[in-house]
Amino acid sequence: MNFIDSHSHLQNFNNKIELVLNTASEIGCNTHAINTVSPEDWNKVLVLSNTSKYCIVPFLGIHPWCVTENLSIQSFTQNLEGILKIARCGVGEVGLDRVRVTSSLAVQEKFFISQLELALKYRKPVSIHSVKAHNEIIKIIKNLKILPVFMVHSFTGSIQMASDILNLGGFISLSFSALKNGESKLRKLLEYIPLDRLLLETDSPDMKLPSIHIFSEFGINLDYNNILLNSPANIHYLYEIISRIKGIDQNSLVDNITMNFEKFIEDI
């Protein structure tokens, strides 16, 4: 069984990366989409993808939290394009954020659009961050001449928001954040998301795991020693929860997620 972690930031584990990857492999997670947040991450993630014995799919870009008013978009775009021309990678993590900001939404939009255009030019999939900016993101994607292959990661929005993403051909990736709204809301969302458009992720290590109480509400008995630290080794809990709610065998869910992920990255 090969669990896929569709979005993480493994570079932030620093000198524990190999330990984290080996621990994840022990539970059957050997495929990872690792997203950068700034140019300072790019080389580290590319080197990891080229040297690791595991399947590491790098995504390069700048996170909206790292976009600042004085950052040169021309220089940034040239640097990113130089890598996208030659590297096997996606574009991410990119997007818009109204809550935690280091620049205006207008500046965030310029960087978001420039990265989407590069993704289209070099046929790269895109991993999108969206916080309180759903309408703007959907409008920007609709205004593109060609729609990119994209996913909205760590989705916690409404069914209407999910509908907007699905209507544009996007994938929806769920993380442990989806558990915080309770089982009934998650069940309704999962009834709406087709199996062929679903991805699963840990967004580790940055995303905090829900409380043990929330896990217990979903019938999960925690057995991972470092459960308070989010890592790819926890992804099997999410597969277990989603397969139970969807009423399908976990092996079938793994097969579906694998096909979805392969379709998502097929142009890399």
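All residue numbers refer to positions in the sequence shown, counting from 1.
- If you run side-chain contact (heavy atoms from CB on, under 4.5 Å) between Thr77 and each of Asn79, Leu80, Ile73, only Ile73 comes through.
- Checked options Leu46, Asp41, Ile56, Asp5; the residue passing with Ile34 is Ile56 (criterion: side-chain contact (heavy atoms from CB on, under 4.5 Å)).
- Interatomic distance, Trp42 CH2 to Thr36 OG1, rounded to the nearest 0.5 Å: 7.0 Å.
- Panel note: side chain Ser204, backbone Ser8; no donor-acceptor pair is recorded below 3.5 Å.
- Around the NZ atom of Lys110, the shell of radius 6.0 Å holds no more than 12 heavy atoms that belong to other residues, nucleotides or ligands.
- Counting only N and O atoms by type, the side chains of Ser175 and Glu201 include no donor and acceptor under 3.5 Å apart.
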Notebook entry, point to check: After noting the C-alpha distance and the side-chain angles of Asp203 and His9, does the key distance pass the side-chain contact (heavy atoms from CB on, under 4.5 Å) rule?
Noted result: CA-CA 7 Å; Asp203 196 16; His9 301 277; 3.2 Å; yes
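- Judged by distance alone, the side chain of Asn260 and the main-chain N or O of Leu195 form a donor-acceptor pair under 3.5 Å.
- Taking the six-membered ring where the residue is Trp, His236 and Phe3 present tilted rings, their angle falling between 30° and 60°.
- Remark: side-chain polar atoms of Gln108 are paired, donor with acceptor, to backbone N or O of Asp97 under 3.5 angstrom.
- Counting only heavy atoms from C-beta outward, the side chains of Ser6 and Phe261 approach each other to under 4.5 Å.
- Looking at Asn22 and Glu26, their side chains never bring a donor and an acceptor atom within 3.5 Å of each other.
- Between Leu189 and Ala162, the closest heavy-atom pair is CD1-CB, 4.1 Å.
- Residue Leu190 is grouped with residue Leu166 when hydrophobic side chains (ILVMFWY) are merged at heavy-atom distances under 4.5 angstrom, including chains of intermediate members.
- With contacts defined as side-chain heavy-atom distances shorter than 4.5 Å, the pair Leu19/Phe13 does not qualify.
- Here Trp65 and Phe111 keep their ring centres 6.0 angstrom or further from each other.
- At a threshold of 4.5 Å between non-hydrogen side-chain atoms, the residues Ile159 and Ile193 do not count as touching.
- With no hydrogens or angles considered, a side-chain donor-acceptor pair links Ser163 and Tyr192 at under 3.5 Å.
- Of the N and O atoms on the side chains of Asn12 and Asp206, at least one donor lies less than 3.5 Å from an acceptor on the other residue.
- Aromatic ring centroids of Phe176 and Phe215 lie under 6.0 Å apart.
- In this structure, a donor-acceptor pair under 3.5 Å is absent between the side chains of Asn234 and Thr202.
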Item checked: side-chain contact (heavy atoms from CB on, under 4.5 Å) between Glu93 and Phe59, worked out -> CA-CA 7 Å; Glu93 174 178 355; Phe59 280 72; over 6 Å; no
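- In this structure, the side chains of Glu18 and Lys53 come closer than 4.5 Å at one or more pairs of heavy atoms.
- One N or O on the side chain of Arg197 and one on the backbone of Gly170 form a donor-acceptor pair closer than 3.5 Å.
- Taken from NE2 in His129 to OG in Ser154, the straight-line distance is 9.0 Å, to the nearest 0.5 Å.
- There is no path of hydrophobic side-chain contacts, each under 4.5 Å, that joins Leu10 to Val47.
- The backbone N or O of Val67 sits less than 3.5 Å from a side-chain atom of Thr102, completing a donor-acceptor pair.
- Between Arg98 and Glu136, at least one side-chain nitrogen of the basic residue sits less than 4.0 Å from a carboxylate oxygen of the acidic one, meeting the salt-bridge criterion.
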Note to self: Evaluate Lys121 against Glu81 for salt bridge (charged side-chain N to carboxylate O under 4.0 Å, His left out), listing each step before the verdict.
What the structure shows: CA-CA 9 Å; Lys121 183 176 181 178; Glu81 182 169 16; 2.7 Å; yes
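- To the nearest 0.5 Å, atoms CG (Leu96) and CD1 (Ile137) are separated by 4.5 Å.
- The shortest distance between side-chain heavy atoms of Ile4 and Leu200 does not fall below 4.5 Å.
- The only option from Leu147, Val126, Ile113 that meets the side-chain contact (heavy atoms from CB on, under 4.5 Å) definition with Ile141 turns out to be Leu147.
- When the side chains of ILVMFWY residues are joined at heavy-atom separations under 4.5 Å, either directly or via intervening members, Val149 and Leu144 end up in a single hydrophobic cluster.
- Between Val20 and Ser231, the shortest heavy-atom distance links the atoms CG1-CB, 4.3 Å.
- With hydrogens and angles ignored, the 3.5 Å screen pairs no side-chain donor or acceptor of Ser25 with any backbone N or O of Leu21.
- Not a single donor-acceptor pair under 3.5 Å links the side chain of Ser75 to the backbone N or O of Ser72.
- Using a 4.5 Å cut-off on side-chain heavy atoms (C-beta onward), Glu266 and Lys263 make contact.
- For Lys124 (side chain) and Ile268 (main-chain N/O), no donor-acceptor pair under 3.5 Å exists by modelled atom type.
- Atom NZ in Lys139 sits 13.5 Å away from atom NE2 in His134 (nearest 0.5 Å).
- A donor-acceptor pair shorter than 3.5 Å cannot be found between the side chains of His153 and Ser173.
- The closest side-chain donor-acceptor pair between Ser38 and Glu40 falls under 3.5 angstrom.
- Two residues are said to be in side-chain contact when any heavy atoms from C-beta on lie closer than 4.5 Å; Cys29 and Ile235 meet this criterion.
- Between the side chains of Tyr122 and Asp267, no donor-acceptor pair is found at a separation under 3.5 Å.
- Within the model, atoms CG of Leu253 and CD of Glu240 stand 11.5 Å from one another, a figure rounded to the nearest 0.5 Å.
- Residue Gly61 comes nearest to Gln115 through the heavy atom pair CA-OE1, 3.2 Å, listed as atom of the first residue, atom of the second, then distance.
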Next item on the list: Apply the test side-chain contact (heavy atoms from CB on, under 4.5 Å) to residues Thr68 and Val107: give CA-CA distance (whole Å), side-chain angles for both, the deciding distance (0.1 Å), then the verdict.
Entry: CA-CA 8 Å; Thr68 59; Val107 172; over 6 Å; no
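- Leu84 and Phe76 fall within a single hydrophobic cluster, where Ile, Leu, Val, Met, Phe, Trp and Tyr side chains are chained together by heavy-atom contacts under 4.5 Å.
- Summarising the geometry, atom CG belonging to Leu168 is positioned 8.5 Å from atom CD1 belonging to Ile165; distances are rounded to the nearest 0.5 Å.
- Between the side chain of Glu69 and the main chain of Ser104, a donor-acceptor pair closer than 3.5 Å is present.
- Considering only heavy atoms from C-beta on, His63 stays 4.5 Å or farther from Val94 through its side chain.
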Scan the side chains in residues 177-188 for donor-acceptor partners under 3.5 Å anywhere in the protein, sequence neighbours excluded, and list what turns up.
from: Glu183; atom 1: OE2; to: Arg187; atom 2: NH2; distance (Å): 2.6
from: Arg187; atom 1: NH1; to: Ile245; atom 2: O; distance (Å): 3.3

Notebook entry, point to check: Which is it for Ile257 and Tyr239 under the side-chain contact (heavy atoms from CB on, under 4.5 Å) test, yes or no, and what are the steps along the way?
Noted result: CA-CA 10 Å; Ile257 298 295; Tyr239 274 82; 3.1 Å; yes
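- A continuous path of hydrophobic side-chain contacts links Leu118 to Leu71 [ILVMFWY only; heavy atoms under 4.5 Å].
- With Gln11 contributing its side chain and Asn35 its backbone, the two residues share a donor-acceptor pair below 3.5 Å.
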